[in-house]
Structures are given as C-alpha cells and as structure tokens.
> 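So that we are looking at the same thing, I have put the structure below in structure tokens.
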Amino acid sequence: MGWSRIGGDEEELCKTLDYVLDGLTALRTSIRKGQRLDGTGERKVDLKEIWCPELSRFRSSDDVSITADIAKAALWRMKIAKKLLLPVLESLDESIQEVTEVTANDCRAAGLIMMPNDVLANVFKIYIDMIPTVLPAAYEEYHPLACSPLILSSVSRRFRQIVLYLPSLWRHIALNFPDKLLLLHKNRCPNPIIHIKPARNLSFTYFDKLDALQPHHQWRELHLHFASEDHARFYFKRLGAIVQAQFHSLERLSISNDVVAVENEPDYYGPSIYLDEENLDVLSSWRMPKLSFLELRNAIPITALRCENVTWLSFELSDLYHQDEVLDMVAFRDLLQSMPKIQSLLVTFDMPYTFDEFADKDTDISSCVLPSLKFLDLKIRGQTPDLTVRQFMGLVETQKLSRLAVELRGGDPTYDPDFQDWVSVIFPEMKPGYVATFSNVEDFALAIRNFRWPSPPCERILTSMPNVQAVSFVLPYDSDFYFSDRWKKDHAFPHLRSLQIEVLPINSYESPLCQGRFDAFHSGQHCKTFELLEMKVGSPHFIVEERDRLQSLLGEKLHWIEY
C-alpha cells in the first residue's frame, strides 16, 4: 500500500477527518473516566487504544501477514492524519494572530476593567510620576504634558471617577500652566509639588501666579530652578512677601542654579553659586520643620538654614568652568554640620577647582560630625582635581558608613585625569594596625565610566571594606579586571554574599570577562556563604565559554543577563 498524499479526494479526506474525530471522542471518554495524558499506571490514557484499537485485537493471530497488513494500514492512517493536522494547526496559528491584532485594544481595555480601583490608582500614580521628566526646559511656551491627569480623566467615565478623587494625581504644578489648569490642580490637591523652571526671557517668569497657590504652608515640595540673577531675585522676593516664612508642610526643597552663558551676553555666566544677601535672607527665614529632603545644585548657602531635620542631602557642583569664585570649604562644612540628622549624603563634583586654603588658620577644620550618616553616594567627574576629592573626604567619618556608592567618570577626551589618584584619595592605603577606611560598609557600588580600570586600585578598594556583603560594579568593556589569590591573604571580601557586574557596551575583542578572571573568587572556604553572581553583559562570542564555565562552577548562583 502506497503512502498517498492528501489531495483532491474528498471522500478520503472525510475518512481522515472521521478518524481524527473518533480518536478525539475516545480520548474525551478516557479523560471523563479519570485518565490523563500525563498520568501514570492505570490513570494514564492508552494512546494505542485511542489511535490503533484494531492492532491489539489481531496481535494474537497466528497469521503474521494479517498482523503486518493491519499495522501498515494503521501507520498509514496515523501519518495521513498527522499531515492533515499540520495545516489545521497552521490555520489555528493564523487565526490566533488575526484575532489578537483585531482585539488587542479590546483585550487591554477588558484587562483594565477587571483591575480593582486601588490597583488602577497605583498604576496612575506611577504614570503621573513621569511628569517632572517632561516639564519644559523653559517657560516661554506651554505645551500640554504627555502624561497628565487630564489625559487619564478623558479615557473613560471610570477613569475620570478615579482620577477626580485622587488628590495625589494632581500634585505636580508648573507655573507656566494656563490659569484654569493651574487652579484645577490647586483645587484638586491641597498639598502640591511646585515646579519653577528657568525663564531666560524675564517676561515669562510667571512669579505672580504664586499668589494663586495659597495657602503656601501646605506645599509638599518646592523645586526652584533658575538661570539668571534677575530670575532668582524675582522669585525669592515674591516668595518672601507671600510665604511669610511659613513652610510647615514642606518635605522636599530643591534649588538648582544653571551656571551658563546668558543669551546675548556671552561673557556673562549665570548667578553665583553663593546666593546674594537678599535671596539668602529670604531662604534662611523659612521655617521648615518637616523638611527631610534637600537638593542643592551649584548653590551654597553661607547662612544656616532652618532645616535641622533633613535626613537626605544631595549636593552638586558642576559646570563651573567659567566661574572665578573661590570655593569656601568652611561654608560647605558649616552647611553639613547644620543638618546633624543627615543619613544619606549624595555629592557630585564636576569642576576644575579646589576649595580655598582657609584664610583663618585658627579655624577648626577637623572631620565633619555627622553622627547619623550611613550612606555616601560620591560622583567624581570631568576635570575635578584629586585635591578637591581629598578635601571633601576629610569631612566624612568613613568608618561609620554602612553603604557606599562611587562613580568615577572621565570627561574631556583631551584631558586625562589620573584615575588612580582619585582612587587613592577615596580609598587610602591601609596602614598596619589601623582600622580599615570603610570598616562597616556592607553594601558597595562602583561605576567606572570613560576609563580603563587597572587592576592595582581594585585590590585597594576591596581590602578597605572587610565587612562588605553586597558589591555592584559597572565596568568599561576594556577593564583589566580580575580577582587575585593574593587578595584573600589581605582579607578581601571574606563575607561577600552577592556580586553584580555590568559590562558597558562592548565594541572590541577585549573584555573583563575573559577566561579565568574569577578563579580566585569562587574557590576556597571564604565563598561558602556566597549566594549570587549576576553578570549583565552584551553577547559577543568570545565570552560564551566563560559563561558556560561559570555556570558549571556556580550553578543556580549565577544569573547571566544579556542585552
């Protein structure tokens, strides 16, 4: 009997369909009796009885030729049925794709309809949190925001009901909002977040709109961003007149100063990093008992602020390449000491200057006392001198830190700051008998960008924190990175539990993940408590062998992520 193909014979095609349907009917009967395709023993479906029941009846026959003919006919019938099912399955795939494309929006809408209101509310909050990233850079024109409670409320009646009764969705207010929109936000949210963005054209400052946002003592956050002395003066003066020093609900204050050339005045660069006396008087008069987050960018108050309850401070000095001002270390130290409850300190230096040499030699320049400081996030970029880093590190009691994050980023390609000098200042060489610089750090993150990381500083970094448990590295593709057996003798990473390494985009055949870079890491008794090695890398062919080798050594402890 030949193996004929499914063709134009309708009768033969119908017989095949009948065979498939009979088999499915028998399968349904077996399942109703409690049997399963994935069952065992008596609970497993006998598939031979489903698709070839006649074979078992004739297997006991003495006539071998009859049994062979039956088997051949059964095989022919099953193979024809399989060929028939293949185009059926393809048609089912096509239908799935077509129905998916046609009903995708309806399915999404149905999924949203099924979500409880509290889950939808949380989704909306995440959506609205995107607003600060889409606020315009300048106030000259208003453009409707890409993410707005107005957009949400226009989707459906249910969305509108949720949005109108969630004050937090209306909390972001920019002064260049149209009057009706500004008042709508203000009426919906009694504790708003106020965004004041740069206005290089002073006819678009909108400072008079602050009057409409009373009561000011209910503001939750104030983000003041200016680019000229006049712009800053207008707003500080207006705030001083209407706020009357009452900021009892303010939880977060951000002051950002753009030190950039003023339009039509290329020789004049923005306002001073030190607020002038008039503006400083206004700022220092504000009573802010609930303020816990303070952000200062190119702004150093030289008078103590009334924010003794701040626990999180972000301080940045950047783009000061055209300033002739002296950086006052005493003022900076006094600023830190005025906030003794600081737990997290984020500092960014991106400038070619150092702090002053202290005109008053009798001034006490000893380490800053921040008894609550636990987390230091330090970013050093561009042409920042290592002396600037050394001066700052002299203000921090590093042995009290439990978390440390460091980013070292190169800047102008024509200028190559000494990477090892930065490392040596932050992680000084440990002398015999002395306590390690970061003796209590348990969580450490290091990002190296626009630099090649030589191996010697790596030893100094890791041996300076003997109690570290979680380490995260972001490395350039050409870093000379490896774990040395000698480090174990110097007590490096004895308590390490997790190590995360991200390799920045790889464009050459060099890689910090070459063969054998981790042999010292995963060998020996000191890694018994190790729980996770996470590698986030590209997927060039030359690191596949190292991935497979690490997988065989670490098993489930290795998480390999390719992008």
> What closest approach, in Å, do Ala299 and Ile255 show between heavy atoms, and which atom pair accounts for it?
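Scanning both residues, the minimum pair turns out to be CB-CG2, 4.1 Å.
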> Between the side chain of Arg403 and the main-chain N/O of Phe375, is any donor-acceptor distance below 3.5 Å?
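No, the answer is negative, given that no donor and acceptor are paired below the 3.5 Å cut-off.
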> Treating Lys186 as the side-chain partner and Gln214 as the backbone partner, does any N or O pair qualify as donor plus acceptor under 3.5 Å?
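Side chain of Lys186 to backbone of Gln214: a pair is present.
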> Which pair of non-hydrogen atoms, one from Arg188 and one from Trp170, has the smallest distance, and what is that distance?
CB-CG, 3.5 Å
> For a 4.5 angstrom cut-off between non-hydrogen side-chain atoms, does Ser256 reach Leu224?
no
> Decide yes or no on side-chain contact (heavy atoms from CB on, under 4.5 Å) for Leu345 and Leu336, but give the supporting numbers first.
CA-CA 9 Å; Leu345 178 59; Leu336 297 181; 4.2 Å; yes
> Applying salt bridge (charged side-chain N to carboxylate O under 4.0 Å, His left out), run through Glu407 and Lys379 and close with a yes or a no.
CA-CA 5 Å; Glu407 178 189 280; Lys379 294 179 174 62; 5.4 Å; no
> Quick check against the 3.5 Å criterion: does Glu534 have a side-chain atom that pairs as donor or acceptor with the backbone of Glu502?
no
> How many angstroms lie between atom CG of Leu291 and atom OG of Ser249, to the nearest 0.5 angstrom?
11.5 Å
> Could you state the interatomic distance from CG (Leu150) to CG (Leu184), rounded to the nearest 0.5 Å?
6.0 Å
> Is Glu308 close to Val310 at the side-chain level, that is, under 4.5 Å between some pair of heavy atoms?
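Sidechains of Glu308 and Val310: no contact.
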> Strictly distance-based, threshold 3.5 Å: is any side-chain N or O of Asn279 a donor or acceptor partner for the main-chain N or O of Leu275?
no
> Does the ring center of Phe427 lie less than 6.0 Å from the ring center of Phe438?
yes
> Side-chain contact, heavy-atom cut-off 4.5 Å: Thr348 with Leu317?
no
> How far apart are the closest heavy atoms of Leu378 and Met393, and which atoms are they?
CD2-SD, 3.9 Å
> With no hydrogens and no angle check, just 3.5 Å: does a side-chain donor-acceptor pair link His223 and Glu221?
yes
> Do Leu294 and Met339 have side chains that approach each other closer than 4.5 Å (heavy atoms only, starting at C-beta)?
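Leu294 reaches Met339 side chain to side chain.
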> Would you indicate whether the side-chain heavy atoms of Tyr353 and Thr388 approach each other to under 4.5 Å?
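Contact flag for Thr388/Tyr353 side chains = no.
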> Can Asp179 and Lys209 be counted as an ion pair, charged N to O under 4.0 angstrom?
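Salt bridge between Asp179 and Lys209, a charged N being under 4.0 Å from a carboxylate O: yes.
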> Taking the side chain as every heavy atom from C-beta outward, state whether Phe234 and Tyr206 have any pair of such atoms under 4.5 Å apart.
no
> What orientation do Phe473 and Phe444 show, parallel under 30°, tilted 30 to 60°, or perpendicular over 60°?
perpendicular
> What's the shortest heavy-atom distance between Pro428 and Thr437, and which atoms?
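In this case the closest contact between Pro428 and Thr437 is CG-OG1, 3.7 Å.
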> Run the numbers on Leu253 and Met288 for side-chain contact (heavy atoms from CB on, under 4.5 Å), then give the verdict.
CA-CA 9 Å; Leu253 173 63; Met288 301 175 285; 4.0 Å; yes
> If you look at every heavy atom in Val389 and Thr384, which pair is closest and at what distance?
CG2-CG2, 4.2 Å
> Less than 4.5 Å apart, any side-chain heavy atom of Leu250 and any of Leu222?
yes
> Working to the nearest 0.5 angstrom, can you tell me the gap between Lys400 NZ and Ser372 OG?
8.5 Å
> Measure the CD1-CG distance between Ile196 and Asn176 for me, rounded to the nearest 0.5 Å.
11.0 Å
> Give a yes or no on whether a salt bridge exists between Asp319 and Arg297, defined as a side-chain N under 4.0 angstrom from a carboxylate O.
yes
> I need the Asp328 CG to Arg333 CZ distance, nearest 0.5 Å.
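Output value for this atom pair is 9.5 Å.
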> For Phe315 and Phe332, I'd like to know if the aromatic rings sit close, meaning centre-to-centre distance below 6.0 Å.
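Between Phe332 and Phe315, which both carry aromatic rings, the centre distance is below 6.0 Å.
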> Of all heavy-atom pairs between Ile128 and Ser148, which one has the smallest distance, and what is that distance?
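Taking every non-hydrogen atom into account, CD1-C, 3.8 Å.
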> Do the side chains of Ser402 and Asn440 get nearer than 4.5 Å, heavy atoms only?
no
> How long is the gap from NE2 on His225 to CG on Asn257, to the nearest 0.5 Å?
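Interatomic distance, His225 NE2 to Asn257 CG, rounded to 0.5 Å: 8.0 Å.
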> For Asp281 and Leu283, what are the C-alpha separation, side-chain angles and deciding distance, and is it a side-chain contact (heavy atoms from CB on, under 4.5 Å)?
CA-CA 6 Å; Asp281 286 344; Leu283 181 60; over 6 Å; no
> Between Arg233 and Asp276, is the salt bridge (charged side-chain N to carboxylate O under 4.0 Å, His left out) condition met? List the steps.
CA-CA 9 Å; Arg233 188 175 298 109; Asp276 65 26; 3.7 Å; yes
> Can a donor-acceptor pair be found, under 3.5 Å and without considering hydrogens, that links the side chain of Gln391 to the backbone of Phe355?
yes
> Give the intermediate values and the outcome of side-chain contact (heavy atoms from CB on, under 4.5 Å) for residues Ile426 and Leu408.
CA-CA 11 Å; Ile426 302 172; Leu408 305 179; 4.1 Å; yes
> Would you find a donor on one side and an acceptor on the other, under 3.5 Å apart, between the side chain of Asn309 and the backbone of Pro289?
yes
> Looking at Asn467 and Val441, would you say the former's side chain and the latter's main chain have a donor-acceptor pair under 3.5 Å?
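Such a contact is absent between Asn467 side chain and Val441 backbone.
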> Establish, for the pair Arg390 and Trp422, whether the NZ or CZ atom is under 6.0 angstrom from the six-membered ring centre and no further than 45 degrees off its axis.
no
> Taking the six-membered ring for Trp, are the ring centroids of His172 and His185 within less than 6.0 Å of each other?
no
> Using the rule given for salt bridge (charged side-chain N to carboxylate O under 4.0 Å, His left out), can you reason through Asp211 versus Arg238, listing the C-alpha separation, both sets of side-chain angles and the distance that settles it, and then say yes or no?
CA-CA 9 Å; Asp211 296 340; Arg238 195 71 172 192; 2.5 Å; yes
